[in-house]
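The chains referred to below are lettered A, B, ... by the order of the sequence lines, with proteins before strands, and numbering in each begins at 1. This one's a predicted model, so the numbers in the text were calculated from it and none came from an experiment.
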There are 2 protein chains.
Amino acid sequence: MEERRAEEQPRRRSDGERTHAAILDTAMRLASVEGLGSLTIGRLAKELGVSKSGVFAHFRSKERLQLETLAAAGEVFEREVLEPGLKAAPGLARLQALCEAHLSYIQRGVFPGGCFFAQVLAEYDAVSGPIHDEVADGQGGWFGLLEQEARTAQQAGELAAGVDPVQLVFELAAPVELANYLSVLNRDPRFVERGRRAVRERLAQAATSPA
Amino acid sequence: MEERRAEEQPRRRSDGERTHAAILDTAMRLASVEGLGSLTIGRLAKELGVSKSGVFAHFRSKERLQLETLAAAGEVFEREVLEPGLKAAPGLARLQALCEAHLSYIQRGVFPGGCFFAQVLAEYDAVSGPIHDEVADGQGGWFGLLEQEARTAQQAGELAAGVDPVQLVFELAAPVELANYLSVLNRDPRFVERGRRAVRERLAQAATSPA
DNA sequence: CTGGTTCTAGCACGACCGTGCGAACTACGA
DNA sequence: TCGTAGTTCGCACGGTCGTGCTAGAACCAG
């Protein structure tokens, strides 16, 4: 069972690995719309045109399927939000770029049900268990990253000294979150634009030398 | 079957009506935690110590149970948020009071899973059907009310002329929404306080003569 | 006491759930 | 060529789901 592969190269993927990835891909799409709790092995099997056992064998329990789906969505978030956002220079520019990357990822419809984590967060915020904990960790990490950039910006004199970085991040994340929910609910991307405007103005207000 | 009651007075409730209300009460609590889709007739029956048929007979379909639960939660929202908020004078005071009533209702834990509508909104934002439509209506009505107060405030000169009422409401509702999700996720009421602070500062900034 | 309405329980149904097991098929190293 | 490991399938299980039907209990009007 332990990893006995010496070579981590782009190595040819076996059939099993390709199927595994395909299952997770479908699972992410489904869960972003209907929730991680509504994920069903039979449903996934039908969607993929394979047998229920064929799906089940890859995870050996429903909970593992859910956890792996969550992890796979985390990788998408890293690729679609973190990676582009982190290209900006540390400090204010990066803080803004991360918010914009988040908004763009919502607007592009990377997941058909909007931000995967917003969906799962709302679903599991009041339900304790490993999924709740994983989501809380991810959320904490994301906010922590933003806060760190805010502090960097403040130390660089890009943000006014009186600004509380934690509160600022809260106030930046709030319109992004709401933009996600409302744009999906009303199938109207203009809500993303409202979120973008709110972020821009909040940052301008917190910045020194408000242009 | 048609309503043949002449007297709509506080009339003594029959056993059936009391049971009906008790079911909806439990359903609201359950759904605020686990979601409206996870509501289960058998689960409700167990929770209430009655038979499955005893629950089912009151609604005759699961969808009606869900819709009635949603309506019952709407009444709670009216009683716990709208009613106290509307006591304030129209305009800026009422806008602020409505936000504060919303925050207070979250903080008091009126529903064990946080704001019922935040939960159901996230659950059904991407799923079309009558529940989605009902939730979208309710959300639109709530924002509409806030926007109306914002316009009243602006006409009364309480808000700066340059403020866009729709955008302002978006920026007020966002921290409230995020406060709900994060306070439940982290079981930490300090997030409600962050939301309160965000609302207060945003209103102060939009108001004329910023004290 | 009687008869009707209202409410709840019991039971059965088909469907789908998560999970386990063994058989078939595939691919590849010896 | 054979054997072994990896992958998928068919099938079965106990359980819960939503939904009907029927019988009885509780209540109330006459």
What is the separation between atom [atom1] on [X] and atom [atom2] on [N], rounded to the nearest whole Å?
X       : N      : atom1 : atom2 : result
B:Arg60 : D:dC21 : CZ    : C1'   : 15 Å
B:Glu63 : D:dC17 : CD    : P     : 19 Å
A:Arg18 : D:dG6  : CZ    : P     : 17 Å
A:Ile23 : D:dT8  : CD1   : C1'   : 10 Å
A:Leu44 : C:dG18 : CG    : C1'   : 13 Å
B:Leu65 : D:dC17 : CG    : P     : 13 Å
A:Leu48 : D:dT8  : CG    : C1'   : 13 Å
A:Glu17 : D:dT8  : CD    : C1'   : 16 Å

Comparing nearest nucleotides in DNA chain C, the 5'-proximal residue of the pair B:Gly49, A:Lys62 is B:Gly49
* To do: Identify whether any heavy atom of B:Val50 sits under 4.0 Å from a base atom; if not, whether one sits that close to sugar-phosphate; answer base, sugar-phosphate or nothing.
  => sugar-phosphate
### Message
Over all strands shown, is A:Leu39 touching base, sugar-phosphate only, or nothing at heavy-atom distances under 4.0 angstrom?
### Response
sugar-phosphate
Quick check on [N]: is either OP1 or OP2 less than 4.0 Å from any side-chain nitrogen or oxygen of [X]?
X       : N      : result
B:His20 : C:dC7  : no
B:Ser51 : C:dG10 : no
A:Ser53 : C:dG20 : no

| Could you walk me through whether A:Glu193 and A:Arg190 pass the salt bridge (charged side-chain N to carboxylate O under 4.0 Å, His left out) check? | CA-CA 5 Å; A:Glu193 207 45 59; A:Arg190 280 177 301 177; over 6 Å; no
Taking atom types as modelled, is there a side-chain donor on A:Gln167 or A:Glu171 under 3.5 Å from an acceptor on the other?
-> yes
Winner on side-chain proximity to B:Arg43, out of C:dT8, D:dC17, D:dT8, is D:dC17
- Query: So A:Tyr105 and A:Phe111, would you call those rings parallel, tilted or perpendicular, with 30° and 60° as cut-offs?
  - Reply: perpendicular
| request: Fit a plane to each ring of A:His102 and A:Phe77, take the angle between them on a 0 to 90° scale, and name the class: parallel (under 30°), tilted (30 to 60°) or perpendicular (over 60°). | output: perpendicular
Would the base of C:dG10 count as contacting B:Lys52 through its side chain, where contact means a donor and an acceptor less than 3.5 Å apart?
no
key: Heavy atoms of other groups near B:Arg108 CZ, more than 12 under 6.0 Å   = yes
